Amino acid sequence: MIYPKIPLAQSIIQICLDKGIKNIVISPGSRNAPLTIGFVNNPEFNCYSIADERCAAFFALGIGQQIQEPVAVVCTSGSALLNYYPAFAEAFYSQIPLIVISADRPQSKIDIGDGQTIRQENVFQNHSLYNANLTEEVSVENDSKINQAINMAFAKKGPVHINAPFEEPLYQTVSQLQVSVAISNLAAAKEPTTIEDYAEFISIWNSSRKKLILVGENKPNEIDAEIIELLANDPSVVVMTETPSNLHHPSFLNNIDTIITPFSKQDFEDFAPDILLTFGGMVVSKRIKAFLRQYKPVHHWHIDPLRAYDTFGCLTQHFQVAPNSFFSQFLPFTIPIQSDYKASLQKTAKWREAKHEVYLGKIPFSDFKVFGKIIPSLPQECMLQLSNSSTIRYAQLFAIDPSIEVFCNRGTSGIDGSTSTAIGAAVANKKQTVLITGDIGFLYDSNALWNEYIPKNFKIILINNGGGGIFRILPGHEETPVFNQFFETSHCLTVEPLAKMYGFEYATASDETSLAKSLKGFYAQNDKPCILEIFTPTRVNDAILLQYFRELE
């Protein structure tokens with residue numbers, strides 16, 4: 001076995017190994033050579049080389065998103081580390097375990113004019129669960145910090161930072177391990193809540209006629225089928241899900257904006273719940289957030305083992321358990337009560353669905369029409385990755401087959417790493433993966449394709465409407481040169497040259513006929529990754545979407 005000669009690098013690698021960290025994403029560099037040598041020469045690690053640091057961190061995030069275990073990402077010193085920050089912040093808010101290991105210059109070389117040096121210690125302070133600032137020598141304190149960082153990534157499901165200073169020479173190796181590391185175990189898990197702790201809340205539940213369960217981003221298969229049926233069979237319970245919630249039942253309402261956008265003041269008052277129960281990650285729908293902030297329920301309970309954000313300004317209880325555990329203990333003691341709460345909403349939803357289909361059938365080729373064709377075309381059992389801004393919002397308006405797993409970077413809702421994340425997820429998941437993205441988000445993260453690990457069955461559907469379409473549907477849009485250049489970022493680019501350069505199969509569509517023809521072969525071709533670029537008319541998309549909500553009334 002080949003090991004780096006520097007003992008500190010040996011310690012980091014050995015502790016990662018003993019802790020079960022298997023996936024290592026390395027951004028090539030020189031200062032991190034001791035770490036690179038140690039990781040790539042140990043067959044216990046799965047090592048990936050991703051040159052662009054921002055892409056590397058989101059690629060690692062995608063793997064972590066799927067395996068729900070820490071993934072390490074390793075870089076050289078200097079500004080390289082700062083490029084990890086967008087993915088680091090996303091990992092923090094999406095509760096995805098990520099371990100950033102940065103090589104650094106020794107402390108004596110910082111701020112004296114030496115090359116490729118910045119103040120790396122605590123650089124992620126505002127979003128890091130733990131910062132392990134190491135010293136050059138091997139010590140019990142260093143081992144303790146490394147252990148603590150990795151333990152926190154496991155236990156608290158988020159990002160940590162290990163900063164390791166190395167002095168030259170960096171490339172020397174030895175054949176024998178020269179360190180003996182100390183390993184500390186994870187803290188014992190908190191005892192589950194007992195049914196006595198729920199008694200007060202069960203009483204409130206059983207006396208409330210209007211209960212709204214709102215589910216944000218949620219991992220697939222998190223909730224047992226028996227629990228889903230219990231929730232579905234209570235007439236006083238309305239379950240509203242979002243596209244990345246991965247929670248399905250015929251009685252659950254998955255098209256929130258379609259249902260509530262046309263509501264009158266009286267409709268909102270009738271819909272206002274006595275109890276709001278939430279679980280899962282960030283909620284996409286701005287309309288449901290605005291509604292719940294104005295019509296605050298008396299009780300808002302959030303279920304999550306780690307965090308509870310007061311998104312609606314009325315949080316009254318945080319149950320610090322997994323949702324499935326909570327419902328398993330709680331629901332057997334609840335009593336379905338007579339209420340027309342769910343029946344009324346379902347009637348409205350049915351009416352909106354009919355209006356939706358009529359509108360979809362009469363509109364011209366546009367973003368809305370494209371999503372109406374794409375979503376039903378997705379292969380069963382595939383993984384769907386969605387980019388942010390317009391993409392996730394359009395996707396929310398259409399029902400998705402329950403067999404499809406859906407993911408989106410909703411922690412920070414940024415456009416900066418959707419493609420890189422999707423590729424990392426595809427590498428980890430192995431399923432046929434489809435990424436639906438917009439042109440600006442794709443171009444912004446185009447270095448994601450500079451990646452030799454992209455599976456052959458990875459597919460990108462890119463909707464090119466010539467700019468940032470999200471800005472056309474936001475209040476205040478005016479057709480001016482300032483808007484076009486500085487908000488929408490108008491362009492006439494196509495990704496065909498990128499597809500050719502990176503070896504992707506490439507196809508286009510610009511109307512319903514060409515879209516139907518392209519989709520037919522798009523999913524069947526699995527010999528190499530594919531891009532389907534769909535061109536839609538820039539200046540009509542916003543009007544078609546806004547008119548949709550008017551016609552639902």
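It should be emphasised that the depicted structure is a prediction, and the values quoted were computed from it without experimental measurement.
- The nearest pair of heavy atoms linking Pro262 to Thr258 is CD-O, 3.6 Å.
- In this model, a donor atom of one side chain and an acceptor atom of the other lie less than 3.5 Å apart for Gln385 and Gln65.
- If you take CG on Leu214 and OG1 on Thr311, they are separated by 9.0 Å, rounding to the nearest 0.5 Å.
- Listed by first and then second residue, the side chain to side chain donor-acceptor pair (under 3.5 Å) pairs that reach into residues 202-228 are Lys211-Ser236, Asp224-Asn324, sequence neighbours excluded.
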Between Tyr84 and Phe88, is the ring-ring contact (aromatic ring centres under 6.0 Å, His included) condition met? List the steps. CA-CA 6 Å; Tyr84 285 165; Phe88 199 94; 8.9 Å; no

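- Judged by distance alone, the side chain of Asp439 and the main-chain N or O of Gly466 form a donor-acceptor pair under 3.5 Å.
- Test Ile99, Asn151, Ile150 against Val160 for side chain to side chain contact (heavy atoms under 4.5 Å, CB included) and you get one pass: Ile99.
- If you take CZ on Phe407 and OG on Ser94, they are separated by 11.5 Å, rounding to the nearest 0.5 Å.
- No option in Trp301, Phe279, Tyr198, Phe201 other than Tyr198 meets the ring-ring contact (aromatic ring centres under 6.0 Å, His included) test with Phe326.
- Pairs of residues two or more places apart, or lying in two chains, never qualify as side chain to side chain donor-acceptor pair (under 3.5 Å) while including a residue from residues 342-355.
- Tyr93 and Ser413 share no donor-acceptor pair across their side chains, judged by distance under 3.5 Å alone.
- Side-chain contact between Ile460 and Leu435 is present, with at least one heavy-atom pair separated by less than 4.5 Å.
- Applying the ring pair (Phe, Tyr, Trp, His ring centres under 6.0 Å) test to every pair with at least one member in residues 230-250, sequence neighbours left out, gives these pairs: His249-Phe252.
- Tyr444 and Thr419 share no donor-acceptor pair across their side chains, judged by distance under 3.5 Å alone.
- Dense packing is recorded around CD of Glu553, with more than 12 heavy atoms of other residues, nucleotides or ligands lying under 6.0 Å away.
- Side-chain atoms of Asn233 come within 3.5 Å of backbone atoms of Glu229 as a donor-acceptor pair (strictly under, hydrogens ignored).
- Of the residues Asp367, Val540, Ile363, Leu397, the one that meets the side chain to side chain contact (heavy atoms under 4.5 Å, CB included) test with Leu545 is Leu397.
- The nearest pair of heavy atoms linking Ala426 to Thr433 is CB-OG1, 3.5 Å.
- Judged by distance alone, the side chain of Lys296 and the main-chain N or O of Arg293 form a donor-acceptor pair under 3.5 Å.
- The CD1 atom of Ile213 lies 12.0 Å from the OG atom of Ser245; values are rounded to the nearest 0.5 Å.
- With Thr316 contributing its side chain and His300 its backbone, the two residues share a donor-acceptor pair below 3.5 Å.
- Considering Arg287, Lys286, Arg393, Lys289 as possible partners of Asp257, the one that fulfils the salt bridge (Lys or Arg N to Asp or Glu O under 4.0 Å) test is Arg287.
- Using a 4.5 Å heavy-atom cutoff, the side chains of Val495 and Asn464 are not in contact.
- A distance-only check finds a donor-acceptor pair linking the side chain of Ser518 to the backbone of Thr508 [under 3.5 Å].
- In this structure a side-chain-to-backbone donor-acceptor pair under 3.5 Å is present from Thr538 to Asn465.
- Atom OH of Tyr502 is separated from atom CG of Asn451 by 10.0 Å, given to the nearest 0.5 angstrom.
- Exactly one residue among Asp310, Leu306, Asp304 makes a side chain to side chain contact (heavy atoms under 4.5 Å, CB included) with His318. That residue is Asp304.
- Surrounding NZ of Lys22 are more than 12 heavy atoms belonging to other residues, nucleotides or ligands, all under 6.0 Å away.
- Environment of CD in Gln338: sparse, with no more than 12 heavy atoms of neighbouring residues, nucleotides or ligands closer than 6.0 Å.
- The distance from the OG1 atom of Thr421 to the CG atom of Leu386 is 12.0 Å, given to the nearest 0.5 Å.
- Shown here for Leu98 and Ala60, the closest heavy-atom pair between the two residues is CD1-CB, 3.8 Å.
- Side-chain atoms of Asn541 come within 3.5 Å of backbone N or O of Pro537 as a donor-acceptor pair.
- At least one donor-acceptor pair closer than 3.5 Å links the side chain of Asn388 to the backbone N or O of Asn409.
- Cys530 and Gln525 get closest at one heavy-atom pair: SG-NE2, 3.1 Å.
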Dump the intermediate steps for ring-ring contact (aromatic ring centres under 6.0 Å, His included) on Phe263 and Phe291, then the final yes or no. CA-CA 10 Å; Phe263 271 2; Phe291 159 66; 7.6 Å; no

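- What you find for Leu253 and Ala349 is that their closest heavy atoms are CD2-CB, 3.8 Å.
- Distance alone, capped at 3.5 Å, is enough to place a donor-acceptor pair between the Glu242 side chain and the Ser285 backbone.
- In this structure, Gln396 contributes its side chain and Thr243 its backbone to a donor-acceptor pair below 3.5 Å.
- A donor atom on one side chain and an acceptor atom on the other are found under 3.5 Å apart for Tyr506 and Glu533.
- The side-chain heavy atoms of Pro244 and Ile392, taken from C-beta on, include a pair separated by under 4.5 Å.
- Rounding to the nearest 0.5 Å gives a distance of 4.0 Å between CD of Glu90 and OG1 of Thr412.
- A cation-pi arrangement is present between Lys459 and Phe522 under the rule of less than 6.0 angstrom and at most 45 degrees off the ring axis.
- Looking only at atom types and distance, the side chain of Thr278 has a donor-acceptor partner in the side chain of His302 under 3.5 Å away.
- Residues Phe398 and His356 form a side-chain contact, since some pair of their non-hydrogen atoms from C-beta on lies under 4.5 Å apart.
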